[in-house]
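Chain letters run A, B, ... following the sequence lines, proteins first and then strands; every chain starts at 1.
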There are 2 protein chains.
Amino acid sequence: MNKKEKEVTIYDIAKKLNISASTVSRGLNNDVTVKKETQKKVQSVAKQMGYRLNSLASNLRSKKSNTIGVIVPRLNSNFMADVIAGIEKVVNEGGYNLIISQSLETMEKEIINTETMFNNRVDGLLVSTTYNTNNIDHFEALIKKGVPVIFFDRVFDHTEWPTIRIDNFKAAYDATSHLIKQGSKNLFHISGNQTTNVYTDRFKGFKQALIDHHIIFDEANLLVTDLSTGSGEDVANYMLALPKLPDGVFSANDQCAVSCMQSLQKAGIKIPKDIAFVGFNNDTITKVIEPNLSTIDYKGSEMGEVAARVLINHLNGTDIKPAHSIILRSELLIRESSLRN
Amino acid sequence: MNKKEKEVTIYDIAKKLNISASTVSRGLNNDVTVKKETQKKVQSVAKQMGYRLNSLASNLRSKKSNTIGVIVPRLNSNFMADVIAGIEKVVNEGGYNLIISQSLETMEKEIINTETMFNNRVDGLLVSTTYNTNNIDHFEALIKKGVPVIFFDRVFDHTEWPTIRIDNFKAAYDATSHLIKQGSKNLFHISGNQTTNVYTDRFKGFKQALIDHHIIFDEANLLVTDLSTGSGEDVANYMLALPKLPDGVFSANDQCAVSCMQSLQKAGIKIPKDIAFVGFNNDTITKVIEPNLSTIDYKGSEMGEVAARVLINHLNGTDIKPAHSIILRSELLIRESSLRN
DNA sequence: CTGTTAGCGCCTTCAC
DNA sequence: GTGAAGGCGCTAACAG
């Protein structure tokens, strides 16, 4: 390491200009109480001397890190990439830094990451919990200290802060109703981990749609999976072995729906004639699979932006803390084959 | 803000134990010079009093932020999500924090982000440059101060540090050769911005394959686009209007290839009979489109992990700095229809 | 409008 | 093995 040149500090600038360090500090921070002329001089000399702010010192003094933390279960999904992009945009525009970590679906890591964020004195935290998170005690310390903790997508309701999410129940209800209106009577639901609001709500919506359309729900028609491509294939094989094929499937994500569709098609099943599908997420693949897959559209980037904005507005005192959860828009997109056969 | 309870500091612990703050500090950091017994006492009292390290102070003192910075052009792509996930994993395991920002393909923002990272005293920086980055002067300050700057994927060669990437030339050469071996004679290349190593190298590989197979290259057969879905459609329309259709297309990414294929198929073109395609990236969609798309596979997560590991090993002094660029493995995956027709 | 003073909480000499 | 002292660079009172 060749850190030859010593760092230029405000004292160096002060000495050069024969003024005090405080004035330099004020000048650099565009403090209104400092003369315009002095300010200009300070800034130009700072630049000329190659001064750069030492955020480390500034942070210690002001007891603020100017940093927002994010903890998500996984970073490598389409949806989460959109969310993160949205968060980054707002956070960066707001002049904050963004610290990111993934819990890899283990609560243990979520707890450790939270502690690290806490020690780093993040000014606020945005969280989407793991499948296995069954309580939120590990965030209590932050909340007690007045550090905002805002949940999005996979949420835990807590009284202090609003949560940002979509209406999973209604989206699932609409998706299922669509299948029923198209003639499906024997419906299956492919779902994910049933400890998370996201998937339990989708399941509830599915069930309620059946009930409201006088279709009897059989517990065996709920297939709990990890929603992966592999699970889609498993589900297809499972269905093919059934005495009676389903005629409608609502999947809690697109990835699993598509791989299931592909496996069924390989076995000669016609979609949607034999089995109709609706997915969830509006992933790119829904417009590539033939026939195109109807799905629930909602914007990860919007979710990220809203979550970040709520947080930052609060930190800036620009906005009062919203009293209630924020429900973002989601919409059923109805698709069909884009090819003429 | 209700920060009622004051922060517990090492002085509070010291007072309670009637020892000095230095000893507490040493005890907390498992310093060997401190008695085992004292250490235990310190740590247990610390826990009991709810002490947490103030990284802000620690950072200032040690002039280290314990943080790695990442600057990428965009966060919301499949590939970049994988890269970030890989980086996060290694960085987190190494006990560092991860600050992330996106330059949104503008060099201006890249420069600002770099300065922010610099001010925040990141211990190292991982960068994939924008399309418009035509020099890397803005990283000089970091490098001069001994802060490692490591480029990946979209790289600029500089003498100080290795770059992490794949052999784009060879991958493109292989992809094109495959098309030629399958019978293509009139080949087109869909490429991206020609200021970036990634796309110029792929183009060079394409061209060289033609030359080596005695096929004359016509500049008109290079289509420079933004590689988006929309561009894929435009390219399809362009081709359909040509006096003579191409019979082979090598696209610099999958997304554009697939949308081009879809548009052509809508117009009645048979793939691969009329036109054969090869893409790049091994995106999920390549296994959904019919026929499945042959593509170049390489792992974003691996790239992220390797880049992060090189950096962290260096910071830990575990490893000497690699002298040369690191070329990661990439591979042509040959695919065809997965359906029986 | 500017200067003086006093830390933020920690860690690292240097003593003993 | 432990303590005392000092300072990382900045900014927030408090004066004037």
The answer to which of B:Arg61 and B:Lys35 contacts DNA chain D further toward the 5' end, by nearest nucleotide, is B:Lys35
* Please lay out, stage by stage, how B:Ser58 and B:Ser55 fare under the test side chain to side chain donor-acceptor pair (under 3.5 Å). => CA-CA 5 Å; B:Ser58 171; B:Ser55 313; over 6 Å; no
- prompt: Are any of the side-chain heavy atoms of B:Asp157 and B:Thr163 separated by less than 4.5 Å?
  reply: yes
Contact span of DNA chain D against chain A, any nucleotide atom under 4.0 Å from a heavy atom, 5' to 3', runs D:dG9 to D:dA13
Is any side-chain heavy atom of A:Thr195 closer than 4.5 Å to a side-chain heavy atom of A:Asn134? no
The correct set of residues in residues 40-60 of chain B placing a heavy atom under 4.0 Å from DNA chain D is B:Leu60
Counted 5' to 3', the first and last nucleotides of DNA chain C within 4.0 Å (strictly under) of a heavy-atom of chain A are C:dC1 to C:dG9
message: Looking at A:Tyr131, I'd like to know if the NZ or CZ of A:Arg154 sits under 6.0 Å from its six-membered ring centre while staying within 45 degrees of the ring's axis.
response: yes
Here the residues of residues 19-27 of chain A within 4.0 Å heavy-atom distance, strictly under, of DNA chain C are A:Ile19, A:Ser20, A:Ser22, A:Thr23, A:Arg26
- [ ] Mark yes or no for whether A:Arg52, through its side chain, and B:Phe118, through its backbone, hold a donor-acceptor pair below 3.5 Å.
- [x] yes
Fill in: Cationic tip of A:Arg74 above A:Phe79 ring, under 6.0 Å, 45° of axis
no
For residues 22-30 of chain A, please give each side-chain donor-acceptor pair under 3.5 Å, one per line with the distance, not counting sequence neighbours.
{"from": "A:Thr23", "atom 1": "OG1", "to": "A:Ser20", "atom 2": "OG", "distance (Å)": "3.1"}
{"from": "A:Asn29", "atom 1": "ND2", "to": "A:Ser25", "atom 2": "O", "distance (Å)": "2.9"}
{"from": "A:Asn30", "atom 1": "OD1", "to": "A:Gln43", "atom 2": "NE2", "distance (Å)": "2.9"}

> Do B:Asp123 side-chain atoms and B:Asn66 backbone N/O form a donor-acceptor pair below 3.5 Å?
Replying inline: yes
Table please: side-chain donor-acceptor pairs of residues 95-104 of chain B below 3.5 Å, with sequence neighbours left out.
{"from": "B:Tyr96", "atom 1": "OH", "to": "B:Asn316", "atom 2": "OD1", "distance (Å)": "3.4"}
{"from": "B:Asn97", "atom 1": "ND2", "to": "A:Asn120", "atom 2": "OD1", "distance (Å)": "3.2"}
{"from": "B:Ser101", "atom 1": "OG", "to": "B:Asn113", "atom 2": "ND2", "distance (Å)": "3.3"}
{"from": "B:Gln102", "atom 1": "OE1", "to": "B:Leu75", "atom 2": "N", "distance (Å)": "3.0"}
{"from": "B:Gln102", "atom 1": "NE2", "to": "A:Ala85", "atom 2": "O", "distance (Å)": "3.0"}
{"from": "B:Gln102", "atom 1": "NE2", "to": "A:Glu88", "atom 2": "OE1", "distance (Å)": "3.1"}
{"from": "B:Ser103", "atom 1": "OG", "to": "B:Val72", "atom 2": "O", "distance (Å)": "3.3"}

I want to check something: taking the side chain as every heavy atom from C-beta on, are B:Val83 and B:Met80 in contact at a cut-off of under 4.5 Å? yes
